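These notes are about the structure you will find just below.
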Amino acid sequence: MKQNRWAMFLAVCFLLSCLMAGTRTMAATEGASKTTEVRGISVTLETDKTEYQAGEEILFTITIYNNSTHYNMAGSELNFTYSEGLELTEDSVVPTKIQAMKSGASKVIRGTLVGSEQVFGTASDSQDSTAESSDVPSSADPETRTPDIWTAVMIAEAAAVIGIVTVTAVICHKRKKKRKNKLFLLLLLVPATGLAAMVSLQSPAWAASGQASTAPYVYVNYAGQEVSIRASFQMSLTQKSLELEEDQKTTYARVTCHDPSVFLDRDGKYYIFGSFLASAQSDDLIHWTSIDAAVQGSFTEEEKEKIRAWNEELDGKAWNDYLWAPDIIYNEQMGKYCMYLSADGEHWKSNIVLLTADSVQGPYTYVDTVVYSGFTEETYAQTDVGRVTGEASIPQRYVTNGVTAGNWGDKWPNAIDPCVFYDDEGNLWMSYGSWSGGIFLLQLDEATGLRDETVTYETDLHSDAYFGKKIAGGMYVSGEASYIQKIGDYYYLFISNGNLESNGGYNMRIFRSERPDGEYVDLKGNSALYDTWVQNYNGGIGIRLMGGYQWRSMEIGNLAQGHNSAIVTEDGKAYVVFHTRTNNGSEGHYVKVHQLFTTKNGWIVAAPYQTNGETLNEQGYDRSELVGEYEIILHKLNIDYRNREVVYPDFITLNEDGTITGEAEGTWSIEDGTAWIDLTIDGNSYTGVFLKMKVENTTVETMVFTGIGTENQLTIWGSKSID
C-alpha cells in the first residue's frame with residue numbers, strides 16, 4: 001500500500017508536467033503565437049511557422065480586436081521591432097499609427113520578414129549551420145534577452161515538481177503511517193497552488209484610465225538562430241458613453257454662483273448666495289433660478305459706500321467685484337435675515353460686514369464691521385481692535401508680522417469667507433479666513449449679530465486676543481472657505497485646498513470635532529492646523545470629499561470642486577453645495593448639490609451623483625439587488641490637476657459569494673438590516689453605504705455605493721451598470 005501511494009503521487013506530478021509541456025509543444029508546431037489583452041482590447045502576434053531556412057520569408061499577422069464593452073480606442077502607436085538581420089520585404093508596410101477603433105471593431109495587419117544573407121547566409125548554408133556557429137550579435141541572444149514568460153514558468157514548474165517530489169520522499173520515509181496520509185494530502189496541494197499562482201502572473205496589470213499599453217512578442221528559429229518579433233502598442237482609450245434612449249435623458253436647471261452658501265428659508269424655499277452677490281433659488285435643490293438682478297438691485301448707493309468704506313477701491317472694478325462669499329442666517333432674537341459679507345482689499349486690508357434685511361432677497365442694510373484685517377499703524381484707529389483688546393496703539397505683534405513688513409499672513413488671517421452657525425446650545429459662531437495665517441473662529445452676540453466682546457481669547461500660537469481662536473491652516477498653507485455644519489454627533493469642518501482655477505487643484509477637505517471650536521481632526525487623527533508651510537493641494541491631511549471625475553453619463557468631467565456650504569434639512573438629510581468647474585479648458589462653473597451620508601464609523605461621504613430626490617433605505621437592500629457589474633471611481637490624492645486630470649470609472653463585479661472581480665479584486669459584505677457596506681479592494685478597506693439613485697443626466701435609477709478608506713482616507717464611488 002505504501003509503495004502504491006508513492007507511485008500514484010509521482011505519476012500525478014509527471015502527468016501534470018507532461019500535460020502542460022505537451023500543450024505548448026502542440027501550439028508551437030502550428031506557428032508562434034502570442035496574445036495579450038488589456039481593458040478588453042486584445043492584440044495577437046503570430047507567424048506561419050516556428051522553423052525557417054535561410055532566405056525563407058516569415059509570414060506574420062498582427063490582429064487587433066476591441067472586444068471592450070466600455071472603451072473605444074481613440075488611436076494608438078505601433079512600434080514593430082525584430083531581431084537584427086531580419087528585414088521587412090518591399091511589399092510589407094507596417095503602420096506606426098492605428099486609427100480609432102470603436103468597441104467591437106477589429107484590424108488585421110499582415111506582412112513578411114526575411115533574413116539578410118550577411119547575417120543568416122543562404123538556404124544551402126542554413127542546412128549545416130547552427131545557432132552556435134554564428135558570431136553576429138542578436139537581440140534574441142539567450143544571454144541578453146528577457147526570457148519568455150512561458151519558459152520561466154516551465155522552469156519554475158520543473159523546479160517545483162522536483163523539489164516537492166524530493167521533500168515528499170524524504171518526509172514520507174521518516175514519518176509514521178498515521179501522519180503520512182495528512183502530510184501527503186497537504187503537499188499534494190502545494191504544486192497546484194504554486195502553478196495557479198504562476199499562471200496568474202501572465203494576466204496584464206490594468207493601466208490607468210485613458211491609457212493602456214501591451215506588447216506581444218514571439219520567438220522563432222531562423223537558419224538555426226533564435227530570433228524575436230515584437231509589436232508594442234501604446235493606446236489612448238476613451239470611455240464609451242452610455243447609450244440611452246431619448247426618454248432616458250434629462251437636464252438640470254443650473255446656475256452660475258461662485259462660492260455658494262445655502263440657506264433654507266422659513267417658507268421651505270432654498271437660496272444660495274455667492275461672490276459678487278450672485279444668488280439663486282430652488283424648491284428642490286435640483287433646479288435653480290437666478291435672482292442676481294433682484295438681490296444686487298436692492299442695494300442703494302448709500303449702502304454700497306458703507307460696505308466699501310474700509311477697502312481701497314480697485315481701479316476698473318464694479319462695485320460688487322470685491323464682495324465675496326456671503327453667508328446668511330435668520331437670527332430669531334433679532335428677527336432679521338443677517339448677511340455676513342466679505343469686502344476684500346489689497347494687502348490683506350479686508351473686513352467682514354454685517355447686513356440685515358426683513359426678506360432674504362433684501363434690501364439689506366449695513367450694520368457694522370464684525371472683524372478687520374490688514375490694519376497698520378496709520379489705519380489702526382479706524383478699526384475696533386483697540387476697543388476689543390484695550391490696547392490704544394497697535395500691538396507690536398501686528399507690526400512684526402504686519403502689512404508694512406510684508407509678512408502679515410505668517411500669523412494673521414485675511415478677513416474673508418465667513419461662515420456663521422448656531423451650536424446645539426444656541427451659541428452663535430463665525431469662522432473666517434483664507435490661506436495666510438489660517439482659519440479663525442469668533443463667538444458672536446445673538447442679540448446684535450456682531451462680535452461678543454464679553455468673550456476673550458488668549459494670545460498664543462493658536463489664538464489671538466482680537467482675531468479669536470485659530471482652528472485650521474496657518475503659515476500660508478492653502479485652505480479657504482471654511483464651513484462648519486453639525487451632522488449627527490459631530491461638527492464637520494469643510495475647507496477648500498488649492499487654487500480655485502480649473503487647473504489649480506481645488507478640492508474639499510473634511511475634519512470633525514465634538515465641539516464647535518475644535519480641535520478638528522481627520523479620520524487618521526491629523527489636525528487641521530499647520531505650524532509650518534507645506535504644499536497640501538494633493539496632501540494626505542483631511543478627507544478629500546471628491547476629486548476630478550467623469551462618469552460615462554457625463555459629456556465633460558467635473559473638477560476643482562470647492563468653496564462649499566452644507567445643510568441638514570427638516571427630514572434629516574444632509575447635503576453639500578459647491579461650485580464645480582469642468583475639464584473643457586475653460587473657467588466656466590456651476591452649482592451642484594450632493595447628498596451626504598454618515599458611515600458607521602461616524603464620517604461623512606458624498607453620493608456619487610448630484611441629488612435627485614433619493615432617500616437612503618436605512619433597513620438595507622436585498623442582496624440580489626446589490627450583486628452585478630459596477631462602475632467605480634476611486635478619488636486619488638496624486639491627481640494631475642495642472643493638466644485637468646479626471647478619473648474615469650473602472651469596472652468590477654460584486655459577486656454573490658462576496659468576492660470582487662474585474663479591474664480590481666477583493667471582497668465585499670453588508671451588515672444585515674442596514675445600508676452599510678464594507679469593501680476590501682486591492683488590499684485597501686472601505687466603509688460606506690448602499691442606496692438607490694438616478695444616474696446623473698438620466699432618468700434611470702440604479703444601485704450605488706459611496707465609501708471612505710479606513711486607512712488611506714480616499715473616497716470611493718460605485719454605480720451599478722445600466723447598459
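Note that the structure is a prediction, hence the values are computed from the model and not measured.
More than 12 heavy atoms of other residues, nucleotides or ligands shown are found within 6.0 angstrom of CH2 on Trp551. Taking a 6.0 Å sphere around CG of Asp657, one finds it holds more than 12 heavy atoms contributed by other residues, nucleotides or ligands.
Legend: salt bridge (Lys or Arg N to Asp or Glu O under 4.0 Å) pairs involving residues 530-559, not counting sequence neighbours, sorted by first then second residue: Arg552-Glu631, Arg552-Asp723.
Taking the ring centre of Trp429 as origin, the terminal cationic atom of Arg515 falls outside the region bounded by 6.0 Å and 45° from the ring axis. The side-chain tip of Lys486 points at the ring of Tyr491 from less than 6.0 angstrom away and within 45° of straight on.
Taking the side chain as every heavy atom from C-beta outward, Tyr621 and Leu691 approach each other to under 4.5 Å.
Thr715 contributes atom OG1, which lies 14.5 Å from atom NZ of Lys636 (distance to the nearest 0.5 angstrom). Here the straight-line distance linking atom CE of Met703 with atom CD of Glu701 works out to 8.0 Å at 0.5 Å rounding. Atoms CG and CD, from Asp517 and Gln443 in turn, are 8.5 Å apart once rounded to the nearest 0.5 Å. Atom OH of Tyr575 sits about 6.0 Å away from atom CG of Leu285, to the nearest 0.5 Å.
Checked options Tyr340, Phe440, Tyr432; the residue passing with Val371 is Tyr432 (criterion: side-chain contact (heavy atoms from CB on, under 4.5 Å)).
Taking the centre of each ring, Tyr337 and Tyr330 come in below the 6.0 Å mark. The six-membered or imidazole ring of His258 lies away from that of His563, with a centre-to-centre distance of 6.0 Å or more. Here the two rings, on Trp717 and His635, have centers that are under 6.0 Å apart. Proximity of the aromatic rings of His594 and Phe578 is defined here by a centroid distance below 6.0 angstrom, and this criterion is met.
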